[in-house]
Amino acid sequence: MVTPPPPDHGAQTREAHKATLVGAMVDLIVGLMKIIAGWLVGSAALVADGIHSFSDLVTDGFVLAATHFGRQAPDSNHPYGHGRIETLATLWLGSVLIFVAGGIAWASLTRLLVGEPISAPGIWAIGVAVIALLAKEWIFRYTMRIAKRVNSRLLEANAWHSRSDALSTVVVLIGLIAAQFGAGWVDAVAAIVVGIMVGQVGGRLLWESSQELIDTALPAEERDAMQSVAAAVPGVHGVHDLRTRSLGSQAILDLHIVVAPRLTVSEAHEIGNAVSRRLRDNFSNLADVTFHIDPEDDAGETEHSLRPGLPLRRDVEGVLDEVWSRCKVWQTRVALDLHYLDNQVDVSIYVRQLPADQSLDDAANELRHASRDLAWIGRLRVWQGPGKG
């Protein structure tokens with residue numbers, strides 16, 4: 001299996017900038033065409049649509065800045081990277097859209113209630129709307145394709161901003177055609193509908209970006225897929241407490257990995273590294289993976305740091321020195337292994353040579369009897385061999 005190369009964030013940023021600049025040029029040209037044509041023929045809907053296009057132009061500049069700074073590498077003050085800059089930019093973009101939508105809808109509603117007459121716009125004004133519609137639909141498709149390629153939620157939001165402009169132009173076009181046939185009031189209604197459509201897009205962007213700011217998890221299907229990938233790594237006995245959150249266009253993951261209870265620290269850690277590599281290979285949006293190794297499955301149990309603690313090695317050896325001071329096998333030990341399992345401490349003692357009058361069972365029984373009052377001692381075993389020293 002060939003591991004895909006890591007994403008080139010520099011190349012992705014350049015692609016995002018190119019798409020945004022192309023969109024900005026289209027927004028500038030289309031916006032000018034709409035406003036000039038709408039002003040000349042007295043179409044509030046076409047002028048409102050032109051303002052919408054210029055709102056795209058303003059946000060294009062913000063998107064350029066956000067994608068540049070949001071994809072910079074982590075530093076000492078931002079150890080998880082700068083992805084939340086893109087989130088804040090999306091939040092701002094949604095707010096701008098709602099503000100623009102309110103202005104368009106209010107002005108058009110006032111005009112409709114006043115009953116200001118609207119003259120026929122003419123074929124050329126309708127042609128301007130058709131050209132604008134085709135241009136905005138093209139820039140939506142182009143920007144969305146780049147957004148998927150570089151995995152940028154902000155760029156995707158900007159593409160939908162363009163699509164909202166295209167959809168609003170459809171409504172405007174209907175209003176212009178109606179006005180051409182004498183139903184001028186349809187133009188004002190069309191402008192109100194445009195405002196509502198723009199406001200809906202802004203509300204959706206606000207909702208999505210606010211969910212990211214409060215560390216909402218990735219979709220359940222994606223989390224399930226991550227858990228399956230991690231659980232399939234050799235040596236993994238279980239996966240639990242898998243938690244995710246978004247950071248701009250990237251994701252942060254931490255999880256607990258259950259391994260065999262008596263593995264060495266280094267082997268267990270390497271299994272965790274294998275899980276991390278497998279996850280990064282399968283999910284290119286992962287910016288950071290943190291794993292915790294568990295020797296037993298404690299899913300759903302009280303966090304260990306909130307429970308009474310067991311004695312650590314120095315304290316264990318101190319207590320055992322007292323209770324086993326007269327045990328010959330303890331005095332001749334060459335190594336001591338401790339395993340913290342089932343809220344007890346399993347003790348394994350290694351000796352090169354047993355006392356002449358004892359077998360392994362005799363030595364273990366002597367130790368168990370001497371430490372019978374120590375409730376935290378679990379399994380106790382004596383091993384004879386070269387030891388670990």
Backbone N or O of [Y] within a donor-acceptor pair of the [X] side chain at under 3.5 Å?
X    : Y    : value
S209 : L206 : yes
R372 : H369 : yes
T216 : Q211 : yes
D254 : T290 : no
Q331 : R326 : no
Q384 : L360 : no
S228 : D224 : yes

Exercise. Checking side-chain hydrogen bond (donor to acceptor under 3.5 Å, both in side chains) for the pair H292/D241: CA distance, chi angles, key distance, verdict?
Worked result: CA-CA 10 Å; H292 175 86; D241 289 349; over 6 Å; no
[X] atom [atom1], neighbour heavy-atom count above 12 within 6.0 Å:
X    : atom1 : answer
R277 : CZ    : yes
R314 : CZ    : no
D321 : CG    : yes
W383 : CH2   : no

Indicate if [X] and [Y] have the same hydrophobic cluster label, given that clusters are the connected sets of ILVMFWY residues with side-chain heavy-atom separations under 4.5 angstrom.
X    : Y    : answer
W376 : L336 : yes
W39  : V128 : yes
I257 : L242 : yes
V316 : L310 : yes
L263 : L341 : no

Exercise. Does R333 count as lying over the ring of W330, i.e. NZ or CZ under 6.0 Å from the six-ring centre, within 45 degrees of the axis?
Worked result: yes
For the student: nearest non-hydrogen atoms of [X] and [Y], plus distance:
X    : Y    : value
A217 : R223 : CB-NH1, 3.5 Å
R313 : Y340 : N-OH, 3.8 Å
M226 : L279 : O-CD2, 3.5 Å
G378 : Q344 : CA-OE1, 3.6 Å
V30  : A132 : CG1-CB, 3.6 Å
L91  : S210 : CD1-N, 4.3 Å

Mind checking the [atom1]-[atom2] spacing from [X] to [Y]? Nearest 0.5 Å is all I need.
X    : Y    : atom1 : atom2 : answer
E366 : Q358 : CD    : CD    : 4.5 Å
L367 : D362 : CG    : CG    : 11.0 Å
M33  : I131 : CE    : CD1   : 4.5 Å
T244 : L255 : OG1   : CG    : 11.0 Å

Exercise. Have H256 and D297 got a donor and an acceptor in their side chains that come within less than 3.5 Å?
Worked result: no
Exercise. Is it the case that E270 and N273 place a side-chain donor and acceptor less than 3.5 Å from each other?
Worked result: yes
Exercise. Could D337 and R262 be called an ion pair, given the rule that one side-chain N must be under 4.0 Å from one carboxylate O?
Worked result: no
Problem set entry | From L134, I139, L133, residue fulfilling side-chain contact (heavy atoms from CB on, under 4.5 Å) relative to K136 | I139
Exercise. With a 4.5 Å heavy-atom cut-off, do S371 and L380 have their side chains touching?
Worked result: yes
